[in-house]
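What follows is a single structure, written as structure tokens, with notes after it.
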Amino acid sequence: MDTLIKIATRALLSLLVVLAMMSLVNCNGYSCGGFSASPCTAGGSGNGSGGFGGGGGGGSAPTAFAYNIVQTGTVNGIAFTSTNSTLANISNFTAPTVPTSDPSSELVIAQKQYLYGIFPVSQSLYAWSIDATTGDLTALTGSPFTIAALGGMIVNTTLTNLTGVVVNPIGTFLFVADAGNGEILTYQIGTGGALTAGSTISTVGAVQPWNLAMDGLGKYLYVTSGIEGNGGHVAAYSINQTTGALTLVSALLPYNIWELQGEPTGQFMIGISGNSLALTGVADPNIYVFSIQQSGTNAGTLSEVSGSPFATSSGNSPANIAVQPNTTNGSYLYSFSVGSGAYNPIEGYALNSTSGALTAIIGSPFSGVTSAPWGQFDQSGDYLFIYGDLADTAPQLSVLNVALGTGALTESASTLPLATGGYFAVTDPQ
């Protein structure tokens, strides 16, 4: 692990000036009652009082809840209500106590009702159930859990986007990247959010696991290694749909990809290298689209679609992307980039569900809405939550509406200032 820290620190020194402006955020599940398949019982710090997000008003039910890690040792609860366009802290929310000052921490959600806080520095996993009406959190029995392998996750000293924990779309499996030991931990998520430990998969010779990504149908797990702009290669694993066990499909796929995301049909994976003049000194104003081989002995392997990479319409190099999680509102993705001392306007693209080609959405780049370096959808795909922390002094969360059929972005709720920068996760309450 010391070697990993030295490598990451040495490679990231050139990024510190820009990354000091940013605390980026990430999203996905864990358990209770020990690592068994038995159901959990409620307990812990939730209080069941709550409200609808201080200003949600009029008895309107929240559209979505967001939770962000406060680096001074708590988790904050936020409610978004679309009927009156409010984004506010949840009233009477009892903030749970969590480890302090862990920039590698992540918040993940499974089945829209379980929130898990991953704290690699303290090797601790905190687990809560989410009250679908109030947004209150109730600690699951046995939380927090000590998991030594969390200490093997990449040390995220500069708060870049690392995705070391993911769940499949239906929230029944969870995977953890243990880069220090060159392995991936697998878990089944059972009744009440209970985790059952599955097999531990060695990735030695295939990839050192930094970032994890899932295809839209939950059939394959994709693993990348290396920092932004320096991804070494991609490995693909098939997922046993009964146990969650992983089988290597392809190692050393020759793509310099740092971040991958799946789209809901399960046909394509979309990625970026992470290179940009602001972050790495190298421009890469492109988005890469890969088709997923659907059958045969190499099912799950990736190959670039015709026309890939697709140049961004602005010429800006993407630092992050967000892909819509379902097709009821269209097939759209959005890219985020960083300029000199500022965030560039968000760009939007429509994905052709047959060819995988990308076409810029009318109105993109979107200059009329808040800009940010990071975004994450709620499960409905109707709302894009975006986070920024310009100059590391003003962390804030905003919500953008995604227009049905066009993908155009508008903004109705006021931006919400946050106490400190930190990871966030979003869930629909129903």
Side-chain angles (χ1 to χ4, degrees), residues 1-13 15 19 24-30 99 102-108 116-125 145-167 173-187 197-214 220-237 239 244-253 255-261 269 271-274 280 320 423:
M1 194 62 197
D2 289 341
T3 301
L4 288 173
I5 295 172
K6 291 177 182 177
I7 292 172
T9 301
R10 184 166 58 248
L12 291 170
L13 283 176
L15 310 185
L19 290 175
L24 296 183
V25 191
N26 203 3
C27 164
N28 287 311
Y30 257 57
D102 185 348
S104 300
S105 57
E106 300 184 36
L107 288 177
V108 295
Y116 306 91
I118 317 299
F119 296 87
V121 173
S122 65
Q123 300 182 5
S124 298
L125 178 121
F145 306 102
T146 298
I147 303 175
L150 297 183
M153 298 174 71
I154 292 295
V155 177
N156 191 7
T157 55
T158 54
L159 303 180
T160 57
N161 168 26
L162 290 171
T163 306
V165 183
V166 295
V167 297
F173 300 126
L174 179 141
F175 304 93
V176 178
D178 176 5
N181 296 302
E183 61 188 21
I184 298 174
L185 312 180
T186 70
Y187 296 93
S199 55
T200 297
I201 307 299
S202 173
T203 63
V204 176
V207 68
Q208 185 187 49
W210 284 48
N211 281 338
L212 305 180
M214 191 82 61
Y220 305 105
L221 180 72
Y222 296 93
V223 187
T224 68
S225 63
I227 63 171
E228 285 181 297
N230 289 281
H233 52 267
V234 180
Y237 293 84
I239 303 170
L246 301 176
T247 301
L248 182 65
V249 172
S250 298
L252 306 175
L253 290 171
Y255 305 122
N256 176 23
I257 294 296
W258 179 72
E259 179 186 12
L260 277 170
Q261 288 194 26
M269 295 295 293
I272 58 173
S273 72
T280 66
N320 286 291
Y423 280 60

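What you see below is based on every heavy atom in this structure, not just the backbone, and it leaves out hydrogens, waters and symmetry mates.
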key: Leu221 vs Ile184, side-chain contact (heavy atoms from CB on, under 4.5 Å): CA-CA, chis, key distance, verdict   = CA-CA 10 Å; Leu221 180 72; Ile184 298 174; 4.0 Å; yes
query = Between Ala236 and Tyr222, what is the shortest heavy-atom contact and its length?
reply = CB-CE2, 3.5 Å
task = Check Leu107 against Gly117 and note the closest heavy-atom contact, atom names and distance.
result = CD2-CA, 3.7 Å
query = Could you state the interatomic distance from CD1 (Ile147) to CG (Leu185), rounded to the nearest 0.5 Å?
reply = 8.0 Å
task = Apply side-chain contact (heavy atoms from CB on, under 4.5 Å) to Asn211 and Val223, showing your working.
result = CA-CA 6 Å; Asn211 281 338; Val223 187; over 6 Å; no
query = What is the distance from atom CE of Met269 to atom OH of Tyr255, rounded to the nearest 0.5 Å?
reply = 12.5 Å
task = State the CG-OG distance between Leu150 and Ser122, to the nearest 0.5 angstrom.
result = 8.0 Å
ask   = Can you name the nearest heavy-atom pair linking Asn320 to Trp258, along with the distance?
value = OD1-CZ3, 4.3 Å
ask   = If every non-hydrogen atom of Ile239 is compared with every non-hydrogen atom of Tyr220, which pair is closest and at what distance?
value = CD1-C, 3.7 Å
task = Output all residues satisfying side chain to side chain donor-acceptor pair (under 3.5 Å) with Ser105, sequence neighbours left out; order by chain, then residue number.
result = none
ask   = At what distance, to the nearest 0.5 angstrom, does NE2 of His233 lie from CG of Leu253?
value = 8.5 Å
task = Look only at the side chain of Thr186 and the backbone of Ala245, and say whether a donor-acceptor pair between them is shorter than 3.5 Å.
result = no
query = Sequence neighbours excluded, which residues qualify as side-chain contact (heavy atoms from CB on, under 4.5 Å) partners of Ser225?
reply = Val207, Gln208, Trp210
request  = Could you pull out all residues at least two apart from Gln261 that satisfy side chain to side chain donor-acceptor pair (under 3.5 Å)?
outcome  = Glu259
task = Determine yes or no for a side-chain-to-main-chain donor-acceptor pair under 3.5 angstrom, with Thr224 supplying the side chain and Val234 the backbone.
result = no
task = Specify the closest pair of heavy atoms between Pro120 and Asp102, including all atoms of both residues, with the distance to one decimal.
result = N-OD2, 3.3 Å
query = Would Met153 and Leu162 satisfy side-chain contact (heavy atoms from CB on, under 4.5 Å), going step by step from the backbone distance to the final call?
reply = CA-CA 10 Å; Met153 298 174 71; Leu162 290 171; over 6 Å; no
Heavy-atom pair with the smallest gap, counting every atom of Pro209 and Glu183 = CG-O, 3.6 Å
query = Taking it one step at a time, do Tyr237 and Thr203 satisfy side-chain contact (heavy atoms from CB on, under 4.5 Å)?
reply = CA-CA 10 Å; Tyr237 293 84; Thr203 63; 3.5 Å; yes
